[in-house]
Protein chains: 2
Amino acid sequence: MSLIWGQLVATTGKTIRRPRTTIPLSRDRIEAHALELIEEQGIDLFSIRKLAERLGCQAMSIYNHFPSKAHIFDALMARVLGSIPIPDRSLTPAQRLREFAQSWRALARESPKFYLWLSICQWNSVAGTRFLSEMLACFYDAGFTPQRAAYGFRVLGYYVQGVATDESSGYANGPSSVDPIGAETLARDFPQVAEAHAFFTNEHFDNVFELGFGALLRKLELE
Amino acid sequence: MSLIWGQLVATTGKTIRRPRTTIPLSRDRIEAHALELIEEQGIDLFSIRKLAERLGCQAMSIYNHFPSKAHIFDALMARVLGSIPIPDRSLTPAQRLREFAQSWRALARESPKFYLWLSICQWNSVAGTRFLSEMLACFYDAGFTPQRAAYGFRVLGYYVQGVATDESSGYANGPSSVDPIGAETLARDFPQVAEAHAFFTNEHFDNVFELGFGALLRKLELE
DNA sequence: ACCTGAACACCGTTCAAGT
DNA sequence: ACCTGAACACCGTTCAAGT
């Protein structure tokens with residue numbers, strides 16, 4: 001009997017349990033703590049056992065709410081994609097696509113470690129399909145045929161996906177090389193990279209994003 | 001004494017070992033088999049122990065050649081990036097960038113499971129820097145300033161990265177949702193996605209790629 | 001219905017020992 | 001120098017048992 005779950009008190013030879021002092025488990029609480037743990041430690045160091053410790057329960061208790069670790073990740077995907085606001089339909093398709101792109105980038109910035117997983121998994125759940133559907137609607141509303149809508153989504157989506165991945169993993173969050181290149185080696189062997197280095201920083205993200213995104217929107221004749 | 005390593009034969013009361021029948025370990029052989037195993041089983045199911053079994057040795061023998069699993073992955077990154085051919089300098093910068101982009105996509109197609117890891121790790125090794133350097137050189141050769149070169153690389157790189165990630169994980173190789181959306185649900189709840197579905201297949205990759213890549217090259221005034 | 005402890009079949013890696 | 005077996009500290013998950 002763990003102290004975490006309450007105290008055993010002897011009264012008239014029987015033991016009764018005090019009301020629990022911890023919050024009960026729920027899918028919502030498990031998901032919230034899972035995301036927290038992932039952002040703190042990274043996806044590789046995340047484990048059901050650590051999550052249980054943080055929740056103040058045993059590892060196996062979590063299995064009463066999710067049948068497997070994969071189910072937890074599925075739920076996190078739905079939670080995170082579901083948090084993306086749907087732009088107002090009164091805006092133009094291009095404006096709505098811009099908002100989607102910024103939300104996508106924001107997601108990568110706010111949940112960088114989880115985003116790394118999100119960026120390589122298949123978005124073939126209902127939540128993933130809903131997100132795709134909302135973005136496709138912008139193209140259909142602009143009068144696109146299904147083919148042009150699909151092509152448009154793919155072209156813009158690939159670009160935003162690349163930007164977001166770098167924004168999430170570029171400087172600290174992806175697994176680093178075990179011996180990253182040093183400043184001296186960089187300056188000596190790769191002078192052109194060293195020269196351009198200042199323009200790979202975060203403060204250039206907005207400008208870089210706009211350079212490509214605007215060009216693609218205009219190519220698609222949306223702006 | 002495992003039979004894998006040789007046979008013990010009793011002669012005049014002593015045991016001698018027959019010459020080994022297996023190929024000796026080497027970094028090259030370990031790397032080659034590691035890539036094979038990753039492509040067969042996926043990065044999550046890859047393990048040192050399984051790799052050892054495939055190599056016909058004990059797990060710990062591998063540690064004579066690589067200090068850790070992370071070092072193996074570093075070596076695989078160098079091996080894979082190092083296999084990308086450097087386009088002939090007599091070509092125009094735009095032509096060379098097109099070749100780099102196609103090699104990048106080919107890598108994702110040929111090593112889709114490993115590519116998923118490559119796409120989220122930091123390219124801060126010497127091998128990663130060399131690849132970046134070669135692509136940056138195209139921009140410098142086109143007369144770009146360091147800033148425009150960095151912006152150009154980032155814009156094109158994000159796009160190719162997004163294309164390659166989808167080419168590697170889109171249809172089979174990334175972790176799937178534990179309950180993927182079914183065809184009926186798709187048709188009923190997401191008719192616009194269902195309509196566009198035919199244009200999300202692999203045969204459209206070349207056309208989709210060109211649509212965006214050409215637009216970006218022209219925006220950068222390289223074509 | 002929900003929670004638990006023990007167990008199982010895995011991991012990566014350390015260490016001391018063999019040749 | 002290279003290879004090994006046993007051990008350690010982890011995993012996700014199954015199962016039978018508790019309330």
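Below, chains carry the letters A, B, ... as their sequence lines are ordered, and counting in each starts from 1.
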- Message: Tell me the interatomic distance from B:Phe46, atom CZ, to C:dC10, atom C1', rounded to whole angstroms.
- Response: 15 Å

- Task: Give the nucleotide from the list C:dG12, D:dA6, D:dT13 with an atom nearest to the side chain of A:Met60.
- Result: D:dT13

- Within residues 62-71 of chain A, the residues having a heavy atom closer than 4.0 Å to DNA chain D are A:Tyr63, A:Ser68, A:Lys69

- When rounded to whole Å, the CG to P distance for the pair A:Leu51 and D:dC10 reads 17 Å

- Over how many whole Å does the gap from B:Leu55 atom CG to D:dC3 atom P extend? 10 Å

- Item | Evaluation steps, side-chain contact (heavy atoms from CB on, under 4.5 Å), between B:Lys50 and B:Leu45 | CA-CA 9 Å; B:Lys50 283 201 199 110; B:Leu45 266 44; 3.9 Å; yes

- Query: Do the side chains of A:Asn64 and A:Leu25 get nearer than 4.5 Å, heavy atoms only?
  - Reply: no

- Query: Does atom CD of A:Glu36 have more than 12 heavy-atom neighbours, drawn from other residues, nucleotides or ligands, at distances under 6.0 Å?
  - Reply: yes

- Looking at A:Ser61, does any N or O in its side chain come under 4.0 Å of the phosphate oxygens OP1/OP2 on C:dC2? no

- Got B:Phe46 and B:Trp117 here, is their nearest side-chain heavy-atom distance under 4.5 Å? no

- Ion pair B:Glu40/B:Arg54, N-O distance below 4.0 Å: yes

- Message: Rounded to whole Å, how long is the line connecting atom CD of A:Gln41 with atom C1' of D:dC10?
- Response: 13 Å

- Query: Can you check whether A:Phe205 and A:Phe209 have ring centres sitting under 6.0 Å from each other?
  - Reply: no

- Query: Which whole-number value in Å describes the distance from B:Gln58 CD to D:dC2 C1'?
  - Reply: 13 Å

- Task: To the nearest Å, give me how far apart CG (B:Asp44) and P (C:dC11) are.
- Result: 12 Å

- Would you indicate, yes or no, if C:dC11 has its OP1 or OP2 atom less than 4.0 angstrom from a side-chain nitrogen or oxygen of B:Lys50? yes

- Message: Return whichever of A:Arg49 or A:Ala59 has its heavy-atom-nearest nucleotide of DNA chain C closer to the 5' end.
- Response: A:Ala59

- Query: A:Leu45 CG to C:dC11 C1': how many Å, rounded?
  - Reply: 13 Å

- Message: Closer than 4.0 angstrom, basic N to acidic O: yes or no for B:Arg79 and B:Asp28?
- Response: yes

- Item | Closest heavy-atom pair and its distance - B:Ser61, B:His65 | O-ND1, 3.6 Å

- Query: Atom CZ of A:Arg27 and atom P of C:dC2: how far apart are they, to the nearest Å?
  - Reply: 12 Å

- Query: Looking at B:Tyr115, does the NZ or CZ of B:Arg109 lie under 6.0 angstrom from its six-membered ring centre and within 45 degrees of the ring axis?
  - Reply: no

- So what stems show up for DNA chain D if we need 3 or more Watson-Crick or G-U pairs in a row, all under 3.5 Å? C:4-8 with D:12-16, C:12-16 with D:4-8

